[in-house]
Visitor: 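Dropping the structure in here first, questions after.
Here the structure is a predicted model, which is why all the values come from computation and not from measurement. Below, chains carry the letters A, B, ... as their sequence lines are ordered, and counting in each starts from 1.
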Amino acid sequence: MRVKIGSLEMKNPVTVASGTFGYGPEYADYIDLDRLGAVTVKGISVEPHVGNQTPRTFETASGMLNAIGLPGPGAQGFIDKYIPFFAEYSVPLIVNIWGKTVEDYGAVTEILGSQERVGALEVNVSCPNVKEGGALYGTNVDLFRTVVDEVRAKTETPIIIKLAPNVADIKRFAKAAEECGADGLAVMNSYPAMAIDIETRKPELANRTGGLSGPAIKPIAVKLVWEAAQAVDIPIIGMGGIYTPEDALEFIVAGATGVAVGTANFTDPSSALRVIDGIETWLAEHHVRSVNDLVGTVRA
Amino acid sequence: MRVKIGSLEMKNPVTVASGTFGYGPEYADYIDLDRLGAVTVKGISVEPHVGNQTPRTFETASGMLNAIGLPGPGAQGFIDKYIPFFAEYSVPLIVNIWGKTVEDYGAVTEILGSQERVGALEVNVSCPNVKEGGALYGTNVDLFRTVVDEVRAKTETPIIIKLAPNVADIKRFAKAAEECGADGLAVMNSYPAMAIDIETRKPELANRTGGLSGPAIKPIAVKLVWEAAQAVDIPIIGMGGIYTPEDALEFIVAGATGVAVGTANFTDPSSALRVIDGIETWLAEHHVRSVNDLVGTVRA
Amino acid sequence: MNQEKTTVLEHRVFQGDYRLLRVAAPIIGPQVKPGQFVHLRVPRLEQAVLRRPFSVFKADEEGLSILYATVGMGTEVLNSVESGEVIDLMGPLGTGFPTLGKDKTLPVLVAGGYGNAALYLQAKNLPIKGGAFFGGRTAQDILCVGEFEALGWDVRVTTDDGSLGTKGLVTAALDPWLAEQDLDAVELFSCGPNPMLKAVGDRALEKGFTAWLSMDRNMACGVGACLTCVIKRKTEAGWEWARCCKDGPVFNAEEILWED
Amino acid sequence: MNQEKTTVLEHRVFQGDYRLLRVAAPIIGPQVKPGQFVHLRVPRLEQAVLRRPFSVFKADEEGLSILYATVGMGTEVLNSVESGEVIDLMGPLGTGFPTLGKDKTLPVLVAGGYGNAALYLQAKNLPIKGGAFFGGRTAQDILCVGEFEALGWDVRVTTDDGSLGTKGLVTAALDPWLAEQDLDAVELFSCGPNPMLKAVGDRALEKGFTAWLSMDRNMACGVGACLTCVIKRKTEAGWEWARCCKDGPVFNAEEILWED
Ligand SMILES: Cc1cc2nc3c(=O)[nH]c(=O)nc-3n(C[C@H](O)[C@H](O)[C@H](O)COP(=O)(O)OP(=O)(O)OC[C@H]3O[C@@H](n4cnc5c(N)ncnc54)[C@H](O)[C@@H]3O)c2cc1C
Ligand SMILES: Cc1cc2nc3c(=O)[nH]c(=O)nc-3n(C[C@H](O)[C@H](O)[C@H](O)COP(=O)(O)OP(=O)(O)OC[C@H]3O[C@@H](n4cnc5c(N)ncnc54)[C@H](O)[C@@H]3O)c2cc1C
Ligand SMILES: Cc1cc2nc3c(=O)[nH]c(=O)nc-3n(C[C@H](O)[C@H](O)[C@H](O)COP(=O)(O)O)c2cc1C
Ligand SMILES: Cc1cc2nc3c(=O)[nH]c(=O)nc-3n(C[C@H](O)[C@H](O)[C@H](O)COP(=O)(O)O)c2cc1C
Ligand code: FES
Ligand code: FES
């Protein structure tokens, strides 16, 4: 069940999706964190951030919208508050990071990348660049490169670039990340979306738009993983609506080396463990020795 | 309930989505076609086309994938086989068209645009351009303009450009269409997606990838309509997972002048009529005189 | 063709994995012809956008019934439907079996799995009763033998495991039997899994008898609109797509271009 | 905090729009403290990714019960759940009501709608019983008056339409009553719609008595992980987000920064 993302070793391919699992302690009463391949925590920026007003989430058909707005304690706040918690666990820690400027990305990388307890940084590029008038790092390949270059320059810790899904050709971004020295990719972030209350004529989210996640987007995510996997040699962590072992295996067959369970944690906190156990059983039943033997085995 | 798309008058804002309603006769036993604001038929190209191998559809959570591959009788075949059928009806007819080259788009436009019974042409640009090595008209704004220009040059019949959803910024395409003289936009086509059978490791669709439609994508579609509506003054036909009158009103409040019922026809052939009746009731209960007064009234 | 909110009259285990579902369908019921199907919206299956097609087992003025196996999410949820609940049906759909050709005197039925259900009305309506060949994996999969016999059919059973009738595929019983018949008089009607249909179709072409095959294809609309359920039908020029839901599900074996 | 597959023991209309659902929850039940809630996965609501939070009405070694109103898709489907069915619960969740402060001798309960359910355990546990003010739109919305009286509470009812008790908002009964009490002795516990909570909170701040408010916010995770359910909590510097599911749902009225 062991997989590797750069030098990060995971004892099984299953992590949790950033933002759906808090900073670690929140679900620790429900599942043994050490059974996960890695814990991925919510996005951290260099400074503390308040995030969006409420309402911040809204349920949709087989999915949900979120516009939490990346509130968080900042890099140093995270270290002070949560790194000690992880001392009790052996599970690898992936910290999701973001910034409003390229310098922000560099700064948070320097701080968190030098923490021994941090096994990898997952770089969320679905953020507007305040300096460039709101252009999104994740959908403009030139801006995208500047971020990956900056993050790479500031750390030797493995970096996983989390691609934005709302692009015409994800292969360009996958390749750019690989060229800039990324150790892995995460595919996909939630998809830009919106819901409106027709009685009040107000968007259901305070932020107006948010990201769609859950089973609704799984077929989109599988396609993006499949495409990205064809474009690069670095490993991919696939996510988007994973609820069952079969869902996870679908991403693996499509080309993902690891998978992340996101929205499913809300539906059932034991989802990730069920996925791990189920993959193990499936591999045994199908006489597949290593999960790595399944990666990208989809037939033409 | 009356709305206009260019010179096309619809007695209510509700049509059906291309490809989910055949060529007209298929659902005529189930609903009175003349109650619809318009009938939109499946994509027609200049020559007959065989489409994809099977399997062509696959059910997913709150949605479905399709990769029918645009089989069809060709422009002249459509005229011979189906135009006589519509002689018995007064409902406006919107014909969805596509091509593999810019010339194809022009040729099918010339043939169908000159048919008196055709009220508007809906231009599907989510097709690969065979001459340009498979680049997609719908995701490359320069190629996109050449198609809209060509179609516009070949007819005075209203043209509605059906935008591809998988772009980073739909506003660019919306504006380009308006600048090239389009009478309206249709938003959105099904979203590129994929499902894999983990036992056989084969994609569930013969075409490997297909388009995701149904309630799963509604929040994505609402956002795209909202964005496109802010960018242009021409009317928009909104679609993507519309099942209920409330769904339709959500698109209208977001900025759609008309709406199309697609996948819902498969779930329940009476969906479009329920949507029409429900909008009417809602408008009356809310003392809204005209549906046009609701268009784009979402509050900031 | 109609859409009707039907009320469940009876719903019970029929045999093995199969359940019988009977609904009051005063509009659709009387219109059903042998080999047609209904398109059913599974109640409470809100996350599913598609209906599920089922052959009509029996139908009369009041209602109709289907026999179904539980194979996936939809049929599993269908299991929980109780008497008195409402089920939305479209039907009757498709082009079913023709009646016996004028020059034919020996009708033959060949069925596997739920194919028995799909053939029952045809078995009842045919003016002459001949041989009926039912195949399945085990005894559990062989449905309604008594009912077909009561109609006057000479039923031969085969099972893969030999737990009922002859051990082997349905063709193991069919082939020797056919060898002794006047093939010009034979008209065969078949419903079952694709490999069985192909085996039967191949024999019809080789030996030159008439065979009608009810094709099982995944469906979306059920009315010919979406072009999901197509199979290749031979034409002078080669082939064209034919829709199983509208042009079929029943096709003459001669028409079908099989693919692997 | 645990996750438990509970079995439905009882499920019936309680009064008006409200239903009582009682489940066997030997793990969660004994842990419940007043003002805590459970996070419930509605069976058969496959298209929903989120659980639904409900205050615990009663709890003991064997099980727990909730009182709920049918307001949307989830509670509608919940209606169809029958005795013997299994419901997946997380709980007990959140920080509930504190017990009576050492210097307080006059506990007061203020509830609207399902707020009565949320206050019952607190009403039972408080060492002293004082005044209980229940508001609702009509008589149908006033729950459990007899039960609170049986515990020793002096219950005053208001309804918007005057169909039970005094006509008017709950504050119409509360204000004159409070005017006659020693406010330093008062400790108030409230659960109900946000406007009611704000009205109560405003009075606490103005008049200087202690009040605890159970805040109703949409939730996703229920365990403090997603940051959906946040409200603004006053700090020296201004405010910070506090999570209703974890830091609350019960907050001191002094802490809450109300927004319009
Ligand atoms: C014309 C026709 C008549 C049929 N008659 C009967 C009958 O009398 N009794 C019976 O038990 N079954 C019958 N079937 C098969 C039946 O439709 C499927 O077993 C059923 O749709 C499975 O649904 P599910 O949700 O349980 O399975 P899932 O596999 O979960 O369904 C997922 C999707 O695949 C489709 N699907 C799955 N299996 C089939 C299949 N074999 N054929 C077509 N679509 C499929 C479903 O409709 C759905 O869209 C018939 C099929 C056709 C086309
Ligand atoms: C701590 C807490 C305790 C509660 N206790 C009770 C109780 O004891 N009895 C009772 O009847 N109700 C209670 N509620 C409200 C209850 O959670 C909602 O009525 C229920 O979630 C509605 O679900 P639905 O699917 O029927 O409604 P829908 O409106 O269809 O739900 C859609 C979404 O909105 C959320 N939602 C809708 N209304 C509310 C609400 N008022 N509060 C929070 N989320 C909401 C749902 O959880 C769901 O995610 C409580 C809420 C909270 C936060
Ligand atoms: C409530 C919520 C908060 C999220 N926060 C973050 C975040 O902070 N950083 C990030 O990169 N992705 C974030 N995501 C996206 C998820 O990590 C994941 O990419 C997405 O939800 C798709 O997976 P899923 O469908 O399994 O949830 C968030 C998603 C949700 C639902
Ligand atoms: C089976 C199927 C076939 C389709 N064929 C076409 C087509 O020929 N041309 C086109 O522009 N869109 C086609 N579409 C896309 C729909 O017109 C519509 O844009 C999309 O399905 C979103 O709407 P919905 O979610 O309501 O189905 C097809 C969709 C489906 C499901
Ligand atoms: S199922 Fe749609 S054409 Fe047959
Ligand atoms: S509901 Fe997730 S933090 Fe409160």
Visitor: Hey, is NZ on D/K58 packed in by over 12 heavy atoms from elsewhere, all under 6.0 Å?
Guide: yes
Visitor: Of all heavy-atom pairs between A/S62 and D/V49, which one has the smallest distance, and what is that distance?
Guide: C-CG1, 3.8 Å
Visitor: Restricting to non-hydrogen atoms, name the atom on A/F266 and the atom on D/A220 that form the minimum distance, rounded to 0.1 Å.
Guide: CD1-CB, 4.2 Å
Visitor: Considering only heavy atoms, which portion of A/Y243 lies under 4.5 Å from any heavy atom of chain D: side chain, backbone, both, or neither?
Guide: side chain
Visitor: Of the non-hydrogen atoms in D/W241 and A/V50, which two are nearest, and what is the gap between them?
Guide: NE1-O, 2.6 Å
Visitor: If you draw a 6.0 Å radius around NZ in D/K234, do more than 12 non-hydrogen atoms from other residues or ligands fall strictly inside?
Guide: yes
Visitor: Could you give the distance from CG (A/N66) to SG (D/C226), rounded to the nearest 0.5 Å?
Guide: 8.5 Å
Visitor: Would A/T57 and D/N218 count as a side-chain contact (heavy atoms from CB on, under 4.5 Å) here? Give the steps.
Guide: CA-CA 8 Å; A/T57 61; D/N218 277 25; 5.5 Å; no
Visitor: Does any non-hydrogen side-chain atom of D/C221 lie less than 4.5 Å from one of A/F21?
Guide: no
Visitor: Does any heavy atom of chain A fall under 4.5 Å from the side chain of D/D88, the backbone, both, or neither of them?
Guide: side chain
Visitor: Between A/R56 and D/C229 (side chain of the first, backbone of the second, donor and acceptor by atom type, cut-off under 3.5 Å), is there such a pair?
Guide: no
Visitor: Is it the side chain or the backbone of A/S213 that comes within 4.5 Å of chain D heavy atoms, both, or neither?
Guide: neither
Visitor: Could you tell me which portion of A/V41 (side chain, backbone, both or neither) has an atom closer than 4.5 angstrom to a non-hydrogen atom of chain D?
Guide: neither
Visitor: Where does A/P269 contact chain D at under 4.5 Å (heavy atoms): side chain, backbone, both or neither?
Guide: both
Visitor: Can you check whether D/A48's main-chain N or O pairs, donor with acceptor, with A/E59's side chain at less than 3.5 Å?
Guide: no
Visitor: Considering only heavy atoms from C-beta outward, does the side chain of A/T267 approach that of D/R41 to under 4.5 Å?
Guide: yes
Visitor: Quick check on the interface: out of D/R217, D/M73, D/E240, D/R52, who has the most heavy-atom pairs with chain A under 4.5 Å?
Guide: D/R52
Visitor: Taking atom CD as the centre, does D/E254 end up with more than 12 heavy-atom neighbours from other residues, nucleotides or ligands that are less than 6.0 angstrom away?
Guide: no
Visitor: For chain D, find which of A/G63, A/G19, A/P71 contributes the most heavy-atom pairs closer than 4.5 angstrom.
Guide: A/G63
Visitor: Checking heavy atoms, do the side chain of D/M219, its backbone, both or neither come under 4.5 Å from chain A?
Guide: neither
Visitor: Looking only at heavy atoms, what is the nearest atom pair of A/D268 and D/Q3, with distance?
Guide: OD1-NE2, 2.6 Å
Visitor: Should the heavy atoms of other residues, nucleotides or ligands under 6.0 Å from NZ of D/K232 be counted, would the total exceed 12?
Guide: yes
Visitor: Heavy atoms, side chains only, cut-off 4.5 Å: are A/E26 and D/K246 in contact?
Guide: no
Visitor: Relative to chain D, which segment of A/N52 carries a heavy atom at a distance below 4.5 Å: side chain, backbone, both, or neither?
Guide: backbone
Visitor: Could you give the distance from CD1 (D/I231) to OG1 (A/T54), rounded to the nearest 0.5 Å?
Guide: 9.5 Å
Visitor: Ignoring hydrogens, what is the shortest heavy-atom contact between A/M64 and D/L50? Give both atom names and the distance.
Guide: SD-CD2, 4.0 Å
